[in-house]
Amino acid sequence: MDLFDQLIMNESGSDTGSGEFAAKEEKSSVSERLLDGLNRQQSQAVQHQDGPLLILAGAGSGKTRVITHRIAWLVQVKHVRPSSILAITFTNKAAAEMKSRIEALVGHVSSSMWIGTFHSMLLRILRRYAERLGYTSHFTILDSDDQQRIVKQCYKELSIDDKKFPVRMVHSRISTAKNALTGVEQFAREAGSDFVQEKVAQVYKLYQQILKQNNSMDFDDILFEAVRLLENNEDVLADYQNRFNYILVDEYQDTNHAQYKLVHLLSAVHKNLCVVGDDDQSIYSFRGANIQNILDFEKDFKNCTVIKLEQNYRSTNNVLQAANAVIKNNRGRKSKQLRTELPDGDLITFYRSGDHSEEARFVAREIVRCAEKSTHEQPYGQIAILYRLNALSRNLESALREQGIPYRIFGGTRFYDRKEIRDVLAYLRLILIPEDRLSFARIINTPRRGIGDATVAAVDAISAQTGMAPLEVCAKSDRYPELARASGRLLLFSEMIADFRKKMLADSLTLAELIEAVENDTGLIQEIIDQQEKSSVSDSVDRIENLKELLSDAVEFNSSYIEQLKNVRENPDIAAAEDLENADETLPSVLTSYLERATLYAEMDDDKDQDYVRLMTIHSAKGLEFDTVFLIGAEEGLFPGYRSLESEAAIEEERRLAYVAITRARQKLYISTARSRLIFGQTQAFRVSQFVMEIPAEYLEEIGGSRESRAASHEAYANHSNQPAGRARVQFPGGPAPAAGGRSSTNGFGNYTGSGSATGNNSGSGRFGQSGQMSPVASYTNSKPTADKKQGIDPSTLKRGDKVKHQKFGVGRIEQITPVANDAILVIEFEKQGIKRLMAKMAPLTKV
DNA sequence: CCTGTTAATTTTTTT
DNA sequence: AATTAACAGG
């Protein structure tokens, strides 16, 4: 993170020339520096005085620059107290970037500004006043996986059939209700006699009870409860209203009702609310975002100033015109027309492939070509492949590997969401908070330890009767005849947790050491190793590597946490001080912060300087830009998705998504489709996306067949030799048209043999936790005295056939060594006990 | 009560 | 296609 900050600072530092410049020109130079290079609208936005301000910032219009410069302007020219500035973003990444860019402009005073996401900033407030809402200040935060589990739990208690009421659907309705600030009672009232809504209302009610009982809030509660807090507590509201003289909200088009309400409440006194957004980039309505918030801003705030940023500095003219042409088909939008002074640039390349693997190979080959002719030091780092659904990334992987292209996939299941990681986190949470029911339920039988559903149900029943936490029931299980049979195992479990807890409270371990102890002593790793022999698809290596990765993550966290603590002590007035009010260096304190970050800050970070192709959904590409963009899967039914085909509003959202995708490209845009594609378990034929049809021909070149009109599509599909139509018109840049697709179909099957082996998994340079960029696992133990001495053997000293001696199993011979992180899985045939799988460094082994 | 097998269901996008 | 739920056998 520090490195990242530094990079940003250097970058912005050089383009504003802070140092000598300011010294020379003295006074007015400050404002000159902040306005330098801005166009009229931008500079007007930066200098706007007081009162509501709406900045409609088109894609690539220098939005971030305007925001950061405006904040700097407020501080340095208007002498606004930094601590009275609140800047809200949607992602932690955006917040971090804004923070460092502002710091580059104004220096360390930026640290007393509140810059963060809605969730992080509200959490700060909620912790302080938790008691007023009926929580303790240590309430835990539940992510959507936890939410679904609780809904399922509700189903059991209410005996609701999850076939008739899909968990997903009910969960999302509850979430929608909260985002619309509809509480339990109101929801029940409005449900009326609607059968489905009535059931949802029942679940909602019980769901909230369970959360309260657990002293936890889900993601949506953070917004909901914050509104409740402010509305019902005048003193609190007044405090924050007065405190935040200037409020700035980025990506305003993505706010939902609760967020809208919050912004209104907080800005009501000073009315210095500046919102920045682009209605054309509103793509989160499925999450409750209401595009009306930005469209109605002028109505909501009388005498508000509106500034449109329509000058695009990012894309070539061809790309930009294509984007304009697509988005103008939307009806519900503020009229604007982006323009650029950049040259036309290359035409957009449209490629119609036969099927998905041909598409993937085309993309891979084009990337190689791009990289070869690129003058950039890091040719791959400037390339992105975007798609509508995560599922589409699969096809690309093998093609990219074949060409030896370094890549990394973003999104999908996030690191902290992986099963094995969540298991460890659940242990940690239970160790920290023995009353936690959710974590208990998750891990009581993970790994398998002979405690089945029946036993868990009995424990729950006793817990409900006596009011004891489930873990406590386990500890006293010998007192209950109904638990007699499982009592031994229950006691063992509770003692194990108690033992961990003792160690934690004694503060004799580092965070990483505690995690390592959990991973090893609970048998989590052993279970994964044991599964290796059974399951045909061996992902054990990946999963263990993830667990090792968690260790280095913990080390990293630990040191940055300590540093931040130090920082706060030296400057008590920085904003982060409120988060760390009662924090210290002890393990319980560190662990508390760590768990919170794991739920709230679950994004993978991306080093901008890494030279690999980035694969991500369009959603996660918002706010980013790349020299070259490949948009794949541009097919009717995929993009726009078939679920949105019925509703005009949904199509418009998809179109906005298309607009976002197109405008990510700086210089070159490829759009590709497949005539048929294997997806959702079957091969389907697809037409070209209507969004592609909306791009005027003058901005396109076509390869592998034209985008046929609807009428022509049958005919074209009939003569599926993709030779004729497209080929004639192809102007393949740089040479005689190579048979980009159709010819080499042998490859389509060729890669089958290549995959499957362990090497196949590792050779991909892409996946999280495998690439060299992650910090090495080696050094995760540090200063504090280690509680238990390391055992085992360094795997690098071992080879097949070596004899080893195990404390319990006796002497055995090594049959197989599978490297994992900096350790290895050993398959050992013991003379007496048979074949066992063990981690080289962890097992009590000695060389013979 | 666990385990391994079969059947069924699922597929946006994410703070 | 792949993950997850139900089911039967030990």
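What you are looking at is a predicted structure, and each value in this text was computed from that prediction instead of being measured. A, B, ... follow the sequence lines: proteins, then strands. Residue 1 opens every chain.
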Is it the case that the base of B/dT13 and the side chain of A/Arg388 share a donor-acceptor contact (distance under 3.5 Å, atom types as modelled)?
yes

Counting only side-chain N and O atoms of [X], is one of them less than 4.0 Å from OP1 or OP2 of [N]?
| X | N | answer |
| --- | --- | --- |
| A/Thr91 | B/dT14 | no |
| A/Asn390 | B/dT13 | yes |
| A/Arg643 | B/dT12 | yes |
| A/Lys622 | B/dT15 | no |
| A/Arg448 | B/dT3 | yes |

Given side chains that start at C-beta, do those of A/Asp145 and A/Arg442 come closer than 4.5 Å, heavy atoms only?
yes

Mapping A/Thr617 and A/Asn445 to their closest nucleotides on DNA chain B, which lands nearer the 5' end?
A/Asn445

Taking the nucleotide of DNA chain B with the closest heavy atom to each, which residue, A/Pro166 or A/Tyr284, is nearer the 5' end?
A/Pro166

Determine the interatomic distance between C1' on C/dT4 and the same-named atom on B/dT13; round to the nearest Å.
22 Å

When all nucleic acid strands are considered with a 4.0 Å heavy-atom cut-off, which category describes [X]: base, sugar-phosphate, or nothing?
| X | value |
| --- | --- |
| A/Ile618 | nothing |
| A/Ser144 | nothing |
| A/Gly450 | sugar-phosphate |
| A/Arg485 | nothing |

Do A/Arg388 and A/Glu654 sit within salt-bridge range, that is, some charged N less than 4.0 Å from a carboxylate O?
yes

Output yes if the stacking criterion (under 5.5 Å between centres, under 30° between planes) is met for A/Phe286 over the base of B/dT13, else no.
yes

Between A/Tyr204 and A/Arg173, is any side-chain donor less than 3.5 angstrom from a side-chain acceptor?
no

Rounded to the nearest Å, what distance is computed from the OH atom of residue A/Tyr659 to the P atom of nucleotide B/dT13?
24 Å

